[in-house]
Every structure is written in C-alpha cells, then in structure tokens.
**Q** 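Below is the structure I would like to discuss, written out as structure tokens.
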2 protein chains.
Amino acid sequence: MKLINKNTDYAVQAIYYIAQKSPDIVSTVEVEEKLGLPRPFIRKILQILTKAEILSSSKGNKGGFTISRPLSDIYLLDLMQLFQGRIAFTDCSFQKKVCPNAGHCPLRRRIKTIEETVINELKGVTLKELLN
Amino acid sequence: MKLINKNTDYAVQAIYYIAQKSPDIVSTVEVEEKLGLPRPFIRKILQILTKAEILSSSKGNKGGFTISRPLSDIYLLDLMQLFQGRIAFTDCSFQKKVCPNAGHCPLRRRIKTIEETVINELKGVTLKELLN
DNA sequence: GACAAATGATACTAAAGTGGTATCCTTAGG
DNA sequence: CCTAAGGATACCACTTTAGTATCATTTGTC
Ligand code: FES
Ligand code: FES
C-alpha cells in the first residue's frame, strides 16, 4: 500500500529539476535525459503540472517549461491530489447490506481520525522544505 | 487509496459472527448464509485466520470453526498485516539511480513519520473495542 | 512562408494488484 | 465406508497503475 505513487514521485523530481534551471526554459527531452525517466510518460506529467499552473509552458520551436511559482508555494498534498485523487482511506469497511451502525461506528470514526491526521501532517509540507 | 481492503473487512465480520456463537462450532456454509458473502472466498479467509491461530478448526463431518481467543486480544493491525501485508507508505520516492540523499532525506523522514503515526493509531485497536 | 522543434490532446497497451471461483485432496463423525 | 466438513492450490476477472504511441497545433529561425 503506497501513499505516494510514481506520478507524484516523478512530478517532484521534474519540478525540482526545472526549478533549479530557472529562469531557463527546459524541454521534455532535457528532463528525460537528465532524470532518466520515460519520455512520453514525463510529458504527460508535465502537461498536467502545466494545467495545474505549477509550470508554465511555451510551445513551438525552443519551447519548453519553466516553474511558475517558488518551491515554497508548492504543496506535496496538492501534487498527490492532482495525480492520485482525493486521499480517502475508507468509506465503510462493512458492505452496505451488513453494516449495522453506519452513523456512530467506531471503526469508521477511527479510520476517519487517522485519515485526518495524515492529511494534517501532509498539509504543511512544501517542496521547498522537502528538497532543502 | 484504501487503508482497509475487502479481505480484512470480511475477516472482521466473520470473526465477529463466530465469536458471537462461541463456543458453538460454525461451518463455512453458515457464515456464508448469515453474512451473504461468497462461499469460496470466505473459506479462504477462514483458512488464513486459522493458520494465524485466531480461529481453531475441526475437520471432518460436523467440523467447522471456533474463535480461539477473546476479541480483546485480536488487533485490527494484525488482521490488516495478515491480509494486506506490511503497512508501508513508501520506501524511497525517488528511483534508485536518481536518489541523491538516501540517508537523511526529508521526504523519506516525513513519510516515515506519517507511517509510524498511522501504525501507532492502529496498534491500540482491538476487535472488541471496534464492535462494542 | 516553409521547416523543424517543441507542446497539447487523446487513445491505446501492458503489468500489477485485488477480488472472486473452482477443483481436488484429506479428515473424521455417524 | 460414506458423507460432510476443512486444507491446499491453481485459476480467472476486474480494476488500477504504469507506460506508449500518434496526430494535431504552435512558433522561432532561416
Ligand atoms: S460498519 Fe458501516 S460505517 Fe462502520
Ligand atoms: S530521495 Fe531517496 S530516500 Fe529520499
């Protein structure tokens, strides 16, 4: 069970690399060569980051990507939600038909608490902090 | 991203039912009929629980399962590990070749902290507490 | 303006994980 | 010895995650 998947993982690396080169424009090819990640895959990730306005892109010849905000304004949690969807540990462990006590179920409460703890832990983590 | 999968879920329900009937011997068929879970699937789960010495089984005619310890001695975390493997959120977010700082990496430390928090939260949860 | 080098959009394929099924073997009470 | 149970194991289906391919569009350079 992974908390962080490969998309998020690669995204962090790519952002880090592009931020380092700022204000230079960095092409997909460069990211692929420097980081050794599969090209079409990293392209898709860069596109998503651009849509999320974490990167800016310029098309055409000599085009590429630049970072559009400081690392201290990019939150790990946002990346995770972007690439992995909402962080939810469980809805109801019991199946609908069986579940006796949807309202005040201790399991549900427990899991929910844990989920909230994790999200709170993650909330403060920016890429800046993460990567020194 | 689920913290609890169906195996664990079904296991909790089955244990609860069998504990309720204790000291009667309960057959797979009965569990299946009462809880409405698919028979071959629940059979596999009961087998695993037996191997883990949470249930005891008697073979042959009129055989079946009984609970082998009180609900207060069965930990949710143990069930999760039994059916879902080790709870590990991530090993190294970066791939081996790229990872610059395996030793004192803040990401790793963060995620590890979160993982430990979750495990600690879960550690205290017994089935007894869970099911009143 | 044509060309080339870049991103945008989108659809597809492959691999892994999860959920579920089927079959045959072994045991033991009646 | 027959039958009703569990033990072991192998298989299949579905979903999610990871990765690939293709074509269209944009834009700097000559
Ligand atoms: S049993 Fe359904 S919400 Fe807990
Ligand atoms: S980057 Fe490898 S352990 Fe953190």
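Order of the sequence lines fixes the chain letters, A, B, ..., with proteins taken first and strands second; residue numbering starts at 1 for each chain. Predicted model only: the values in this text are computed from it and were never measured.
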**Q** Does any part of the side chain of A/Y10, heavy atoms only, come nearer than 4.5 Å to the side chain of A/L46, both counted from C-beta?
**A**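 They are not in side-chain contact.
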**Q** Does B/P38 reach a base, just sugar-phosphate, or nothing at all? Heavy atoms under 4.0 Å.
**A**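 Here B/P38 touches the backbone only, sparing every base.
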**Q** Counting C-beta onward and ignoring hydrogens, is there a side-chain heavy-atom pair between B/T126 and B/L71 closer than 4.5 Å?
**A**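 Heavy-atom side-chain distance check fails, nothing below 4.5 Å.
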**Q** To the nearest 10 degrees, what angle separates the axes at the start and end of the helix from C/dG1-D/dC30 to C/dG30-D/dC1, five pairs each?
**A**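 Computed from the C1' atoms at both ends, the axes differ by 10°.
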**Q** Which one, D/dG19, D/dG6, D/dT20, comes nearest to the side chain of B/F65?
**A**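 For B/F65, the side-chain atoms sit closest to D/dG6.
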**Q** Quickly work out the B/I48 CD1 to D/dG7 C1' distance and round it to whole Å.
**A**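 Rounding to the nearest Å, CD1 of B/I48 and C1' of D/dG7 are 12 Å apart.
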**Q** Counting only non-hydrogen atoms, which of residues 22-32 of chain A are less than 4.0 Å from DNA chain C?
**A**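 Hits under 4.0 Å, by residue number: A/S27, A/T28.
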**Q** Does B/S57 place a side-chain N or O at less than 4.0 Å from the phosphate oxygens OP1/OP2 of D/dG7?
**A**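 For D/dG7, OP1/OP2 do have a side-chain N/O of B/S57 under 4.0 Å.
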**Q** Under a criterion of less than 4.0 angstrom to any heavy atom of chain B, what are the 5'-terminal and 3'-terminal contacting nucleotides of DNA chain C?
**A**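 For DNA chain C, the relevant span reads C/dG19 to C/dG29.
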**Q** Could you point out which residue of A/L3, A/L82, A/L79 forms a side chain to side chain contact (heavy atoms under 4.5 Å, CB included) with A/T8?
**A**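 Answer after filtering A/L3, A/L82, A/L79: A/L79.
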**Q** Test of understanding: with side chain to side chain donor-acceptor pair (under 3.5 Å), list the residues that count as partners of B/Y17, not counting sequence neighbours.
**A**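 B/Y17 satisfies side chain to side chain donor-acceptor pair (under 3.5 Å) with B/E30 once adjacent residues are dropped.
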**Q** For nucleotides 25-30 of chain D, just jot down a letter per nucleotide in 5' to 3' order: B, S or -, based on protein non-hydrogen atoms under 4.0 Å.
**A** -BBB--
**Q** When all nucleic acid strands are considered with a 4.0 Å heavy-atom cut-off, which category describes A/R39: base, sugar-phosphate, or nothing?
**A**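 Answer is nothing: A/R39 stays at 4.0 Å or more from every strand.
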**Q** Identify, between A/K51 and A/G63, the residue whose nearest nucleotide on DNA chain C lies closer to the 5' end.
**A**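 Result: A/G63.
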**Q** Going by number, which of residues 73-81 of chain A have a non-hydrogen atom under 4.0 Å from DNA chain C?
**A**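 DNA chain C contact set from residues 73-81 of chain A: none.
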